[in-house]
Amino acid sequence: MSSTLISALGSLTNSNISMVMLLVKATLILLVAIGITLSMQRASAGARHLVWLVTVAALLLVPALTAWGPIPLRMLPAETTSVLADAPASPVTLSPSAGDSRIKDADIATPNATNSAGVPRTSIGRPAVFSMMGGISLLLLIWAAVLVAIAGSLAYAALVVRRIVNRARPLDTEDWLTPLWEVSDRLALDEPPRLLRSEDAKMPFACGLFQPTIVLPAECDGWSLDRRRAVLLHELAHVRRHDLVGHTMGRLACAVYWFHPLVWTAAKQLRSESERACDDLALSCGARATDYAEHLLDIVTSVRRDATPSVALAMARRKEFEGRMLAILDPELRHSSRQSAALIGSLALISIVVGAAAPARRAHEATPVGVGSPQAQQGPNPVEKEYPDSREIIGGSKTHTNMQTVTTQNQQTATNVSERTVQSISDNLSTAVSSAISSGVAVASVATSNALRDLLTKRDTQKAGKDSDERPTLLARFLANDPDSKLRRIAAWGLSDYADRQVAAEALATALRRDSDPSVREMAAWALADANRSSTAVDALIAALRGDANLRVREISAWSLGNVGGRSPAVADALGAALSDANVGIRKRAAWALGNADLRQAPPALIALLRDRDPEIRELAAWALYQIEDPASIPALDAALRSEPDKSLQIAYIKALAAVGEKSVDALKGLLESKDPEIKSIALRALAGGHATGPWPWPWPEPRPFPD
């Protein structure tokens, strides 16, 4: 009986240690993440979001790592075993007597009585270990009940989202499809998500893990084109970054660790940083910070009660809106989405090592106990004696004294073991974790090398497979011979993925020169933008820019030359000549293409655009000169700065001057006396460094044409 109780106590102790270690690991990972993000306050929101994403993923993996892949840490004291020498055992005989029945009755009735093995009993005669197990079972039951409740609320929210989506109607008109395709192209999405309008929605939100969907409120009918672009930029940024996956992981972590306040903090920070990262991505794709902030403010203030389900990603919430506004309008914050691979890799490695670490006993040899040892001199272990001698029961006082002695010895032994365990854990935790992390780093280094080698091998294999792909040949044949113009347009669209191959480039160039349908020529011109400086593509695009009868084909050709041309003098000449075109759209795309063509000298016609009557063209010209960094543009930029009444364009000219470097000092130092504090601040930053004025959103004048 005593051995069974001791085994139960051991199992119960091991379970308690495992649960405590699980909480310690989760808390340690969360504290490390908090420390890292506090040191990254001036970093991009995308970097901080990735830290919290790795943290939440590690929390969900900690139980599995602990159970399936433990890294033994020699923290617990050694488990000693004793080998008893052969000793004569005194026989124990029990005879039924009145004293026997009386002691049994007293044993049951006394709440704090102990049995013959020295194990305390409860009021109903059960050992205390079962009461302890009952308490733990109650705690597990409470944890499971709350987990089920949270999971049920998430399931209900998912059903609400599904009902909203099913009752919504698609937005498939031209005034919505054009900005949707444009934003999808800017964010490099292969396919645009579903766009729906719902009477049940009050705030724009993104939903759908497997089928991304954007749901807009009924008020979207009255939105301007700029507001539609701003909303789509933010919501499609969630789709582009796969934030719905991270949001779902955060909700699951809160359900599992509902009792841990730091886990709720991590989930909140994960969502907040994802929103700011989407704002940064929208700004980097060309949205003006002031206009974007104004659209967000109008949308938030127009909604009094946001009933967006918790499983969806609403565009804005009142509680977190103030911080987002400050981040959007702060020019000193980094809005770049580039992440630190070393930082995130270190956090992931630490999380894996900490999650997999498990306490283990130290190796120790068993200590034999002989006849002459002190243990042997004390006689057999009293706990092993299940029943006392009947004569000892009659004696009464002697038996009671012996049982008290046994109980006191057991309690003292347990206390000593607990003290040794705690001291051992405290002394060895730091050394064990450091050793485990060092081992993990070595393993990770080898794994990284192997993964890189496998990646290079896989890339070569994929390249060989791509070269043997017959699809570009079939599409090229279809583009050249099919009588249906819609099907030829689809074939040209499909060839964009193979435009760097000669067969595709030649087929697209031929279609651009000879196809009778302008929509097919437009799609061919767009597909040639991916031809990777192919001379066949460049010659066809230059010819189309100069002589195609369709205005739209010429505009697309100018845009494509900015992507494919490089530093070719022929490309610079063709785009420079297009800057004098009577059509505003061609001039805009030509100016953008020159800024994207990696030139070192600005064409005189581009500098002359600083005097154009269209303010958007003047801003595109300033952006292109900012990219080219040609000192020859300094006098024209200085003159345009002095005569420009638009403050936003003045800032654009200052940025272009700052990019040139030290040769623009004379043009900038006079601005330090400006009465406008913003102009003075930007001029000072410009003098402090070439790009100290901050990033310039990349304009994107041409949406990706999707086949009908």
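Residues take their numbers from the sequence shown, with the count starting at 1. All values below were derived from every heavy atom in this structure, side-chain atoms included, with hydrogens, water molecules and symmetry-related copies excluded.
Here Lys486 does not pair with Asp484 in a salt bridge; the nearest charged N to carboxylate O distance is not below 4.0 Å. Using a cut-off of 4.0 Å between Lys/Arg side-chain N and Asp/Glu carboxylate O, Arg471 and Asp497 are scored as not salt-bridged. Remark: Asp598 engages Arg600 in a salt bridge, criterion side-chain N to carboxylate O under 4.0 Å. Taking the charged nitrogens against the carboxylate oxygens, Arg227 and Asp291 have no contact shorter than 4.0 Å, which rules out a salt bridge. Salt bridge status for Asp517 with Arg489: absent, with no side-chain N to carboxylate O gap under 4.0 Å.
A side-chain donor-acceptor contact under 3.5 Å links Ser496 to the backbone of Trp493. No donor-acceptor pair under 3.5 Å is formed between the side chain of Ser198 and the backbone N or O of Leu196. No donor-acceptor distance shorter than 3.5 angstrom exists from the side chain of Arg589 to the backbone of Trp559, with no hydrogens or angles considered. Between the side chain of Asp200 and the backbone N or O of Ile164 there is no donor-acceptor pair closer than 3.5 Å. Between the side chain of Asp630 and the backbone N or O of Ser633, no donor-acceptor pair lies under 3.5 Å. With hydrogens and angles disregarded, no donor-acceptor distance shorter than 3.5 Å links the side chain of Ser560 to the backbone of Ser557. Under the 3.5 Å distance criterion, the side-chain polar atoms of Asp482 are left unmatched by any main-chain donor or acceptor of Phe478.
Looking at Leu236 and Leu180, their side chains come closer than 4.5 Å, going by heavy atoms from C-beta outward. Between Val311 and Thr248 the shortest side-chain heavy-atom distance does not fall below 4.5 Å. Annotation: side chain of Leu270 is not in contact with side chain of His247 (no heavy-atom distance under 4.5 Å). Between Pro518 and Arg552, the closest side-chain pair of non-hydrogen atoms is not below 4.5 Å.
Taking NZ from Lys588 and CD from Glu616, the interatomic distance works out to 3.5 Å, rounded to the nearest 0.5 Å. Once rounded to the nearest 0.5 Å, the distance linking CZ of Arg240 with NE2 of His238 reads 14.5 Å. Interatomic distance, CD1 of Ile328 versus OG1 of Thr290, reported as 10.5 Å (0.5 Å rounding). With rounding to the nearest 0.5 Å, the separation of CE in Met249 from CG in Leu244 is 13.0 Å. Taken to the nearest 0.5 Å, the CZ atom of Arg228 stands 10.0 Å off from the OG1 atom of Thr178. In this structure, Leu575 CG and Ile542 CD1 are separated by 8.0 Å, a value rounded to the nearest 0.5 Å.
Residues Ser485 and Val520 share a closest heavy-atom pair of O-CG2, 3.4 Å. Contact record, Ala621 with Leu606: CB-O, 4.0 Å, taken as the closest heavy-atom pair. Of all the heavy atoms in Val503 and Pro472, the pair that sits closest is CG1-CB, 4.2 Å. Heavy atoms only, all atoms of each residue included: Ala157 and Ser310 are closest at CB-OG, 3.7 Å.
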Q. For Val165 and Val215, what are the C-alpha separation, side-chain angles and deciding distance, and is it a side chain to side chain contact (heavy atoms under 4.5 Å, CB included)?
A. CA-CA 7 Å; Val165 170; Val215 179; 4.2 Å; yes

Q: For the pair Leu637 and Ile607, evaluate side chain to side chain contact (heavy atoms under 4.5 Å, CB included) and give the outcome as yes or no after the intermediate values.
A: CA-CA 8 Å; Leu637 286 170; Ile607 299 176; over 6 Å; no

(Q) Using the rule given for side chain to side chain donor-acceptor pair (under 3.5 Å), can you reason through Arg276 versus His49, listing the C-alpha separation, both sets of side-chain angles and the distance that settles it, and then say yes or no? (A) CA-CA 9 Å; Arg276 295 190 182 187; His49 173 266; over 6 Å; no

Q.
side chain to side chain contact (heavy atoms under 4.5 Å, CB included) for Leu296 and Arg324? Distances and angles first, verdict last.
A. CA-CA 10 Å; Leu296 280 180; Arg324 287 178 60 186; 3.6 Å; yes

Q | Step-by-step side chain to side chain contact (heavy atoms under 4.5 Å, CB included) determination, Trp176 to Trp181 | A | CA-CA 9 Å; Trp176 277 108; Trp181 290 343; over 6 Å; no

Q.
Walk me through whether Arg271 and Glu273 qualify under salt bridge (Lys or Arg N to Asp or Glu O under 4.0 Å).
A. CA-CA 6 Å; Arg271 172 182 166 74; Glu273 298 298 348; over 6 Å; no

Q: In sequence, state the C-alpha distance, the side-chain angles, and the governing distance for Arg618 and Asp646, and then conclude on salt bridge (Lys or Arg N to Asp or Glu O under 4.0 Å).
A: CA-CA 11 Å; Arg618 296 200 300 271; Asp646 190 334; 5.8 Å; no

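Open room surrounds CZ on Arg613; 12 or fewer heavy atoms of other groups in view lie less than 6.0 Å from it. Surrounding CD of Gln601 are at most 12 heavy atoms belonging to other residues, nucleotides or ligands under 6.0 Å away.
Side-chain polar atoms of His295 and Asp226 form no donor-acceptor pair below 3.5 angstrom.
The aromatic rings of Trp623 and Trp592 lie parallel to each other, their planes meeting at an angle below 30°, with 60° marking the opposite boundary.
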